[in-house]
Amino acid sequence: MQSILLTKPIKNIPEKLFYKSKTLIQNSIHDEYSRRLIYPAFQYNAVNTITGEFSGTMIAAPMKYANPAKRFYPYKHPYKSFFINYLSTENHHQGFGKAFIELAKNESKKYNCKGRVHLIASRIYDRTNPPHIFYKKCGFISQSKDINKYLDTCINSNTQMDYFLADNLDMFLPIKEQNHKKSIQILTKLTNFLKNFL
């Protein structure tokens with residue numbers, strides 16, 4: 001199945017069609033006055049062009065994290081990441097959820113987040129089938145090794161997650177970070193080498 005984000009006129013209509021618009025969302029992170037931060041985001045909608053049915057929504061935005069108190073990725077330095085605030089599909093097992101995740105990866109690169117994508121897995125929208133296992137299958141992990149192992153166990157045994165463990169869980173897509181120390185070492189060696197000829 002081919003998926004596409006509609007940004008210009010197209011000749012061949014794919015089975016999964018995505019379009020986006022601007023919206024506002026409240027951040028779960030508070031400012032120094034304990035006010036919820038409101039920031040611009042994008043709403044991505046999906047349509048199944050074969051059936052003509054609306055198939056799902058994702059609300060997401062690129063965000064910069066400089067406050068060490070709330071970081072999804074285990075970095076000491078500030079970073080940008082594409083935050084999926086909300087993701088919902090009308091019907092499960094049709095590939096729209098995974099297509100939204102792939103779309104988020106592409107948007108992350110587009111908005112200079114370098115492929116970083118994060119979210120908060122929550123049972124609030126679906127108490128019987130919380131999305132944690134789905135996100136783990138898509139490659140998301142948490143900073144807790146124990147939770148990651150537990151989710152892998154659920155996947156391998158084809159069992160549902162324990163309801164009491166399916167609370168809000170910060171998850172992120174791991175990516176290979178460039179080794180800045182190694183780059184600096186190479187640059188230093190090159191500079192010293194060039195100095196010998198000057």
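All residue numbers refer to positions in the sequence shown, counting from 1.
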Checklist line | Pairwise distance OG1(Thr57) to OH(Tyr86) - rounded to 0.5 angstrom | finding: 6.0 Å
Margin query: Determine whether Gln160 and Ile133 satisfy the following criterion, side-chain contact (heavy atoms from CB on, under 4.5 Å), listing intermediate values before the conclusion.
Written below: CA-CA 8 Å; Gln160 192 53 263; Ile133 291 173; 3.9 Å; yes
Checklist line | Atom pair CD/OG1 of Gln94 and Thr51 - distance to nearest 0.5 Å | finding: 7.5 Å
Margin query: Please determine whether the number of non-hydrogen atoms from other residues, nucleotides or ligands lying under 6.0 Å from atom NZ of Lys80 exceeds 12.
Written below: yes
Margin query: I'd like to check Ile84 versus Phe100 (side-chain heavy atoms, cut-off strictly below 4.5 Å). Are they in contact?
Written below: no
Next item on the list: Taking the side chain as every heavy atom from C-beta outward, state whether Met58 and Leu103 have any atom pair closer than 4.5 Å.
Entry: yes
Notebook entry, point to check: Distance-only, no hydrogens or angles: does the Tyr135 side chain make a donor-acceptor pair with backbone N or O of Leu173 under 3.5 Å?
Noted result: no
Margin query: Please report the interatomic distance OH(Tyr150) to CG(Asp162), rounded to the nearest 0.5 Å.
Written below: 4.5 Å
Margin query: Show every salt bridge (Lys or Arg N to Asp or Glu O under 4.0 Å) that has at least one partner inside residues 43-62, sequence neighbours left out.
Written below: none
Margin query: Assess the residue pair Asn48 and Phe96 against the criterion (side-chain contact (heavy atoms from CB on, under 4.5 Å)); give the C-alpha distance rounded to whole Å, side-chain angles, the decisive distance to 0.1 Å, and a yes or no.
Written below: CA-CA 9 Å; Asn48 185 328; Phe96 280 94; 3.9 Å; yes
Next item on the list: Sort out for me which residue in Phe172, Phe82, Tyr65, Tyr79 forms a ring pair (Phe, Tyr, Trp, His ring centres under 6.0 Å) with His118.
Entry: Tyr65
Next item on the list: Begin with the C-alpha distance, continue with both residues' side-chain angles, and end with the deciding distance and a verdict on side-chain contact (heavy atoms from CB on, under 4.5 Å) for Thr23 and Ile59.
Entry: CA-CA 8 Å; Thr23 186; Ile59 298 175; 4.1 Å; yes
Margin query: Please check this pair: side chain of Lys16 against backbone of Ser55, looking for a donor-acceptor N/O pair closer than 3.5 Å.
Written below: no
Checklist line | Donor-acceptor pair, side chain of Thr153 and main chain of Lys149, under 3.5 angstrom | finding: yes
Checklist line | Close aromatic pair by centroid cut-off 6.0 Å: Phe140 and Phe134 | finding: no
Check: Using 30° and 60° as the class limits, which term best fits the ring planes of Phe83 and Phe72: parallel, tilted or perpendicular?
Finding: tilted
Next item on the list: Please round to the nearest 0.5 Å and tell me the distance separating atom CD1 of Ile175 and atom NZ of Lys105.
Entry: 11.5 Å
Next item on the list: Enter the distance from Ser122:OG to Leu169:CG here, rounded to the nearest 0.5 Å.
Entry: 10.0 Å
Item checked: Chi angles and distances behind the side-chain contact (heavy atoms from CB on, under 4.5 Å) call for Ile101, Val117 -> CA-CA 9 Å; Ile101 299 298; Val117 180; 6.0 Å; no
Item checked: Hydrophobic cluster membership, Leu119 vs Ile155, 4.5 Å side-chain cutoff -> yes
Notebook entry, point to check: Between atom CD1 of Ile141 and atom CG of Asp152, what is the distance when rounded to the nearest 0.5 Å?
Noted result: 10.0 Å
